[in-house]
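Just below is one structure, and these are the notes that go with it.
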Amino acid sequence: MRAVIFFLTFAMSLLVSQLTWAQTELRENAAPLPEPPPNAPSFVESVPIVPFSRLENQNGSIRTVFQGVGPGGVEIELRDVIVAPHASVRFDSIKGPVVIDTRSGEGRMTMGDRSATLDVANVASMAADGAIEVQNKGETPLVMMIYVVEGR
Amino acid sequence: MFRVRPMGLSCAAMICAATTAAWADADDWPDYRHDAHRSGAQREASALSDPAKVSSLAVRWQWPAGAAGEGGSFYASPIVIGGRVFIGSNSGRFYALDVKTGTLLWQFPPSAQPPLIGSCGTTGDVQSFGAYGVMSSASQHDKLVIFGAPDPDPSVDGGRGSGRLFALDQATGKLVWKSDVLARVNGCTGGASFEQHERLAYSSPLVHDGKIYVGVHDAADDPIQNGKLLAVNADTGALISKFSFLATSSRGGGIWNSPAADDDGVLFTTGNTADGVVTEPVPNRGLSMLRIDDESASIRWQFQPVPFALDDDPDWAAGVTFMSTSCGKIAASVMKDGWTYALEANDGECRWQFPATLPPSAQCRFPASGAHVHGDTDYKRPGAAWGDVLAITTGGEALVTSTGVNAGYGRLHALNACVSSPSKRVRWIADVPHSSGGGYSLGSPTVTRGIFYIGTDQGNVVAFADPAVTPPAFARCSQVLVPLANCVASGYSVVWAPAVLADVALPDHSNAAGLRNEAAISDGRLLVATTGGHVYMLAP
């Protein structure tokens, strides 16, 4: 009889401890938060030195992080470009070769009838002399470093 | 040997949980990152989990009392067991303090005996081969407190500082055992590949299933040593020879972190292998997260996101945070290059990468031909787990831009571990005031019921509340270089900036002494320790 009482007491204490544990787990399973509403105050404590600006009327952002003059007077620019998922952006009148180092995501660059795949495994280049279209084919932003050499 | 492998909530697991609960004080912080899961989380309610009380957080005592400090720096984190605070210093001393008063209860070795400093290097030099003191945060086993340190005993490798585990009686500070030598220093010549320069510096021992596991790494890659995970008997310190994990057949793959464990094995991460090595070692267990069998050390799975061809020293230095979430068991960590990974804990399959740089088909593994540089940057703090939320210092979505490698150092990202869409990964981002801008800007976060605590290189302790606990203050873009106005159009998400509940400048703040470790949360008290050699207790 004493053994039965001991077993029942032990089983009850196990059950209680497991329920307590389960409730603790449940309480701490923080679900995703609701997205901030459009009128929420904007966080401004830290402003980047070179923030991105929106590509005009397009789903992407751009910033120029370096500008300089190279050999023979060519103008060299390094731009960071972001293209939203499944969006396309267009750069007009780039005169000179471009090199695109894809930093994140996947997509395609097109100029006229020429095109190249953009992914993190490859650096793409094109002897550009006109408008370039970049299309994001992924679920995440396509982030690129674009080296532009104008005037050659 | 008969072993029980619990499956789910088996009876064995329940008995284990019940017996452990009966022996341990739930309010304690008995291990580095609190527990064997390295959760960094205190689940017991206290004033530190009450947002209404946290705003009154203040220093209640400091040890030592004067401005001078202990004489060394605290790189190890404090643990709290049964009303005592335990912590070691790079001066080579280990201390027990009364948690309520800060009174020194004992120190090891006693003042009359030499500190745990070997002769290889300058005393307290964190990069030295054998003179680094106690940088290993302690762990609890029964009535013992256990940590790694160099042994100055001249009969061991000439007293150069070969590393052992030391087990002390919690009540008296008496040495109960010291382990066999686990990290050998048999010469002091910088760069000498014919010598061993192994250390037990950054790895905190893991107490698991009657054994104690600890990682071995090098000193400042001078040169890199072969990474090892070793185990000793928890009651005697005797090396368990049948358990031995070696990261390579030659050198590299150091274990700079504290192993974690669940019922089914041991999890840890490894450093790089390419430093000074031209040919990839076979096998190459470097730059990886691994799960190994806790009896045989056989590898259950290995995840290596950066191939040898791209190895520019992005050691995986942060340890694993084992998360029990609503979507299963996850092993999460940040690599030194700034990318964070969440893996299925059971099979090592990659659930997600943050930032989500690679297409799903790549399974979070960078192609060898990739142009990314995976370098010696400093994302090396483990994350804190709160339910489905991982709070961690990580590169963030700015990491992939041309100037983004520094963008995450002074920020704490809270990531939703269980959402499937990468665009919903970021929950909130907190900018934490700091000085250096480098990888030592912040310590490791800890959490209790949605309130996160973190120390800074300015000597401050900052408390943030998850927006589920306290209403957030602001909205911001998940990509910190993109203004809120063009956030969504660029493919990012508008997320929250959490409310700051407290920002306490410690007295060491004025000495430019910061915190590189974690704040232990125990029974309404926050225990922190600084590079200025002080231990502080804060409470609301």
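Letters go in sequence order (proteins before strands), and every chain restarts at 1.
For the pair Ala121(A) and Ser369(B), the tightest heavy-atom approach, listed with the atom from each and the gap, is O-OG, 2.8 Å. Nearest heavy-atom pair across Trp496(B) and Pro37(A) is CH2-CD, 3.7 Å. Taking every heavy atom of both residues into account, Ala30(A) and Arg427(B) meet most closely at CB-NH2, 3.5 Å. The two residues Arg54(A) and Asn486(B) come nearest to each other via the heavy atoms N-ND2, 3.4 Å.
Heavy-atom distances place no part of Arg425(B) under 4.5 Å from chain A, backbone and side chain included. There is no contact between Val469(B) and chain A, counting heavy-atom distances below 4.5 Å. When heavy atoms are compared at a cutoff of 4.5 Å, Val494(B) approaches chain A by way of both its backbone and its side chain. Contact of Glu106(A) with chain B is made through the side chain alone, with heavy-atom distances under 4.5 Å. The part of Ala497(B) that comes within reach of chain A is its side chain, from C-beta onward, which places non-hydrogen atoms under 4.5 angstrom from that chain. Heavy atoms closer than 4.5 Å to chain A are found in both the backbone and the side chain of Leu481(B). Contact of Pro422(B) with chain A is made through the side chain alone, with heavy-atom distances under 4.5 Å. Using a 4.5 Å cut-off between heavy atoms, Thr140(A) contacts chain B through its side chain alone, with no backbone atom that close. Using a 4.5 Å cut-off between heavy atoms, Ala368(B) does not touch chain A at all.
For the set Pro360(B), Pro359(B), Ser423(B), the entry with the most heavy-atom pairs within less than 4.5 Å of chain A is Pro359(B). Ranked by heavy-atom pairs under 4.5 Å with chain A, the list Thr401(B), Leu484(B), Leu399(B) is led by Thr401(B). Of the listed residues Gly138(A), Pro38(A), Gly60(A), the one with more heavy-atom pairs under 4.5 angstrom with chain B than any other is Gly60(A). Note: Ala475(B) leads Ala407(B), Ala475(B), Gly410(B) in heavy-atom pairs under 4.5 Å with chain A.
Rounded to the nearest 0.5 angstrom, Leu33(A) CG and Asn416(B) CG are separated by 6.5 Å. For the atom pair CG (Asp431(B)) and CZ (Phe43(A)), the distance works out to 4.0 Å, reported to the nearest 0.5 Å.
At a heavy-atom separation below 4.5 angstrom, chain B is approached by Ile82(A), Val83(A), Ala84(A), Pro85(A) within residues 81-89 of chain A.
Between the side chains of Thr403(B) and Arg63(A), a donor-acceptor pair is found at a separation under 3.5 Å.
Of the residues Pro51(A), Ser53(A), Ser42(A), Ser61(A), the one that meets the side-chain contact (heavy atoms from CB on, under 4.5 Å) test with Pro483(B) is Pro51(A).
Between Phe52(A) and Gln479(B), the closest side-chain pair of non-hydrogen atoms falls below 4.5 Å.
Judged purely by atom type and a 3.5 angstrom limit, Asp80(A) uses its side chain to pair as donor or acceptor with the backbone of Ser402(B). Looking only at distances, no side-chain donor or acceptor of His372(B) sits under 3.5 Å from a matching main-chain atom of Val120(A).
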